[in-house]
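For reference, the structure discussed in these notes is given below.
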Amino acid sequence: MNETHNSSDLTVSDAVRGGIEPASASTCAPSMMRIAFASMIGATLEWYDFILYNAMAALVFNALFFPSFDPLIGTVLAFSTYAVGYVSRPVGGVVFGWAGNRFGRKAVLLVTLFVMGLSSLAIGILPTYESVGIAAPLMLVILRFLQGMALGGDWAAAVLLAAENGDQKKRGLNASFAQVGPAAGTLLATGTLWIVTANTSHSGFQEYGWRIPFTLSALLVIAGLWVRRTIVETPVASAGASKRVRSPIRAVFRHHKRSLLVAGGMRIGTDVLYALLATFSLTYVSQILHLPKSLALSGVLAGAVAQLFLVPMFGTLSDKIGQRVIYAVGALAGIVSAACMFWLLDTRNPTLIVVALIFGLSAHAAMYGVQSALVTRQFDEGVRFAGSSLAYTFAGVVGGGFAPLIITALYSHFSSTASISAYVIASLILTLACLRLAR
């Protein structure tokens, strides 16, 4: 197996040869609806937990877990724990990438959701630095590591669950179902956070308010596990041992290095742009511009609402005019967003701030809506789970994991937003270069 022999996507004839009967029209539609919902709801619940942590790192963790430092330095340290969640993603990609090829997509989906939910619940009851000293940030790092592992393993399982079931002529739309999850999770997390901040004082939020959204994860996990328990395995995972690779991780690194680099490189700019819009914007608006936290949250919330509709729309459009075209348009729009965003934020005009965040998140949606189909398309079905997981997670470390830390450090060092815009634009140019090489 090598890169020059990468197979095309699984077709109906492939399924028949592998012993899988294609579903009839009468059974395919409802089955696909259940699969799409399971793929979307799992990603929604997990990204609710993940995005919630990102927001708290920008808003309160600097004071609660790193109180002896200057506020901006404390924010840098809080974003360092944020980065741990990305560094641990490749670990989850390796572990669950092997498990997904070995035991199927469904088993991975159940385990990752359980780990993510329990980790977030534990964060909600975690003592602060004032109570237990250095043990508090250490426990925070451990829980963040577990969160990242779970999310790193879940993405490929959720995407392939939808992409490998259903009409391959609608692969872009099918794969986009899991990609709606982050938008829905962002909407749910920022909406919950907005309600809590609107109904608590500053001291109340610092003392107990920030814990409320985390503890709600217990209810979300129960709902998510119930939905995912009812799903069926994908045709590729059910096809039998003849289509499996004994050591998929080794096979990816040995025979699919180019695909791994190209697929990962396409993700970097997307993650950096998202870190700027959904994470650093909260810090910039509240700590640099000294405007209400709820203003930036409102912008992210509005952008998440737009993404709920735009992600599947771009997925559908990509099936008609091509995934690379849509992705390129999104990357170019992201460059415009990065160039103009701080100019709009610095006006301190609430309307312009919200418009800046909506436009940027819409550009992100154009890339994100087709990203899953493009990434999984780079690998044979025998190593598709492992290859997609590794590309997604390693790119997450290089892109999203350290992006908030780098962005904050750039502003701290240069006291200027121009360096931040240059960094985001450079990452998107790299993404466009990798996109040119993609299948």
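Side chains are part of it too, since the values below use all heavy atoms of this structure and drop only hydrogens, waters and symmetry mates.
L277 is listed as a side-chain neighbour of M341, based on a closest heavy-atom distance under 4.5 Å. L317 places none of its side-chain heavy atoms less than 4.5 Å from the side chain of V325. Using a 4.5 Å heavy-atom cutoff, the side chains of R377 and Q323 are in contact. Between Q287 and L282, every side-chain heavy-atom pair lies at or beyond the 4.5 Å cut-off. Side chains of I406 and L410 form a contact here, defined as non-hydrogen atoms less than 4.5 Å apart. Looking at L109 and D154, their side chains come closer than 4.5 Å, going by heavy atoms from C-beta outward. Annotation: side chain of M149 is not in contact with side chain of V115 (no heavy-atom distance under 4.5 Å). In this structure, V383 and D380 have side chains that are in contact, with non-hydrogen atoms separated by less than 4.5 Å.
Nearest heavy-atom pair, A418 versus S416, reported as atom, atom and distance to 0.1 Å: N-OG, 3.2 Å. Closest of all the heavy-atom pairs between V262 and C434 is CG1-O, 3.5 Å. For the pair A395 and G264, the tightest heavy-atom approach, listed with the atom from each and the gap, is CB-O, 3.1 Å. In terms of heavy atoms, F414 sits closest to S419 at CD1-OG, 3.7 Å. For S362 against L310, the heavy-atom pair with the smallest separation is OG-CD1, 3.4 Å. When all heavy atoms of T431 and G269 are compared, the closest pair comes out as OG1-N, 2.8 Å.
Taken to the nearest 0.5 Å, the CG atom of L52 stands 9.5 Å off from the CH2 atom of W210. The line from NE2 of H364 to CG of D271 is 6.5 Å long, rounded to the nearest 0.5 Å. Of the inter-residue distances, the one linking C340 atom SG with L345 atom CG reads 11.0 Å to the nearest 0.5 angstrom. Taking OH of Y274 as the start and CG of L361 as the end, the distance is 6.5 Å to the nearest 0.5 Å. In this structure, the separation between CG on L118 and CD1 on I123 is 11.5 Å, given to the nearest 0.5 Å. Annotation: the span from L276 atom CG to S427 atom OG amounts to 9.5 Å, rounded to 0.5 Å.
With R324 contributing its side chain and A438 its backbone, the two residues share a donor-acceptor pair below 3.5 Å. For R89 (side chain) and L151 (main-chain N/O), no donor-acceptor pair under 3.5 Å exists by modelled atom type. In this structure, the side chain of T215 does not engage the main chain of L121 through any donor-acceptor pair within 3.5 Å. Within the 3.5 Å criterion, the main-chain N or O of G124 finds a donor-acceptor partner in the side chain of R211. Side-chain atoms of S201 come within 3.5 Å of backbone N or O of G204 as a donor-acceptor pair.
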Margin query: Apply side chain to side chain contact (heavy atoms under 4.5 Å, CB included) to residues I358 and V305 and explain how you reach the verdict.
Written below: CA-CA 9 Å; I358 291 176; V305 171; over 6 Å; no
Next item on the list: Would you check, one step at a time, whether the test side chain to side chain contact (heavy atoms under 4.5 Å, CB included) holds for L432 with I335?
Entry: CA-CA 11 Å; L432 285 169; I335 290 174; 4.2 Å; yes
Next item on the list: Decide side chain to side chain contact (heavy atoms under 4.5 Å, CB included) for L374 and L435; before the verdict, give the C-alpha distance in whole Å, the side-chain angles of both, and the deciding distance to 0.1 Å.
Entry: CA-CA 9 Å; L374 266 176; L435 180 65; 3.9 Å; yes
Next item on the list: Check the pair M116 / V221 against side chain to side chain contact (heavy atoms under 4.5 Å, CB included), numbers first and verdict last.
Entry: CA-CA 8 Å; M116 172 67 78; V221 169; over 6 Å; no
Next item on the list: In sequence, state the C-alpha distance, the side-chain angles, and the governing distance for Q147 and S120, and then conclude on side-chain hydrogen bond (donor to acceptor under 3.5 Å, both in side chains).
Entry: CA-CA 7 Å; Q147 275 190 327; S120 294; 2.6 Å; yes
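By the 6.0 Å contact criterion, CZ on F309 is open, its count of non-hydrogen atoms from other residues, nucleotides or ligands being 12 or less. Within 6.0 Å of the CZ atom in F114, the count of heavy atoms belonging to other residues, nucleotides or ligands does not exceed 12.
Within the structure, the ring-ring contact (aromatic ring centres under 6.0 Å, His included) test picks out the following pairs touching residues 310-362 (sequence neighbours left out): Y284-F342.
Of the listed residues (L357, I353, L297, L295), just one forms a side chain to side chain contact (heavy atoms under 4.5 Å, CB included) with S281, and that residue is L357.
Judged by the 6.0 Å distance and 45° axis criteria, R267 is positioned over the aromatic ring of Y392.
Between Y411 and F280, the two ring planes are tilted [angle within 30° to 60°].
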Extract all donor-acceptor atom pairs below 3.5 Å that involve side chains of residues 192-199 and protein atoms in other chains or at least two apart in sequence.
{"unit_1": "T192", "atom_1": "OG1", "unit_2": "L188", "atom_2": "O", "d": "2.7"}
{"unit_1": "T197", "atom_1": "OG1", "unit_2": "L193", "atom_2": "O", "d": "3.0"}
{"unit_1": "T197", "atom_1": "OG1", "unit_2": "W194", "atom_2": "O", "d": "3.0"}
{"unit_1": "N199", "atom_1": "ND2", "unit_2": "I195", "atom_2": "O", "d": "2.7"}

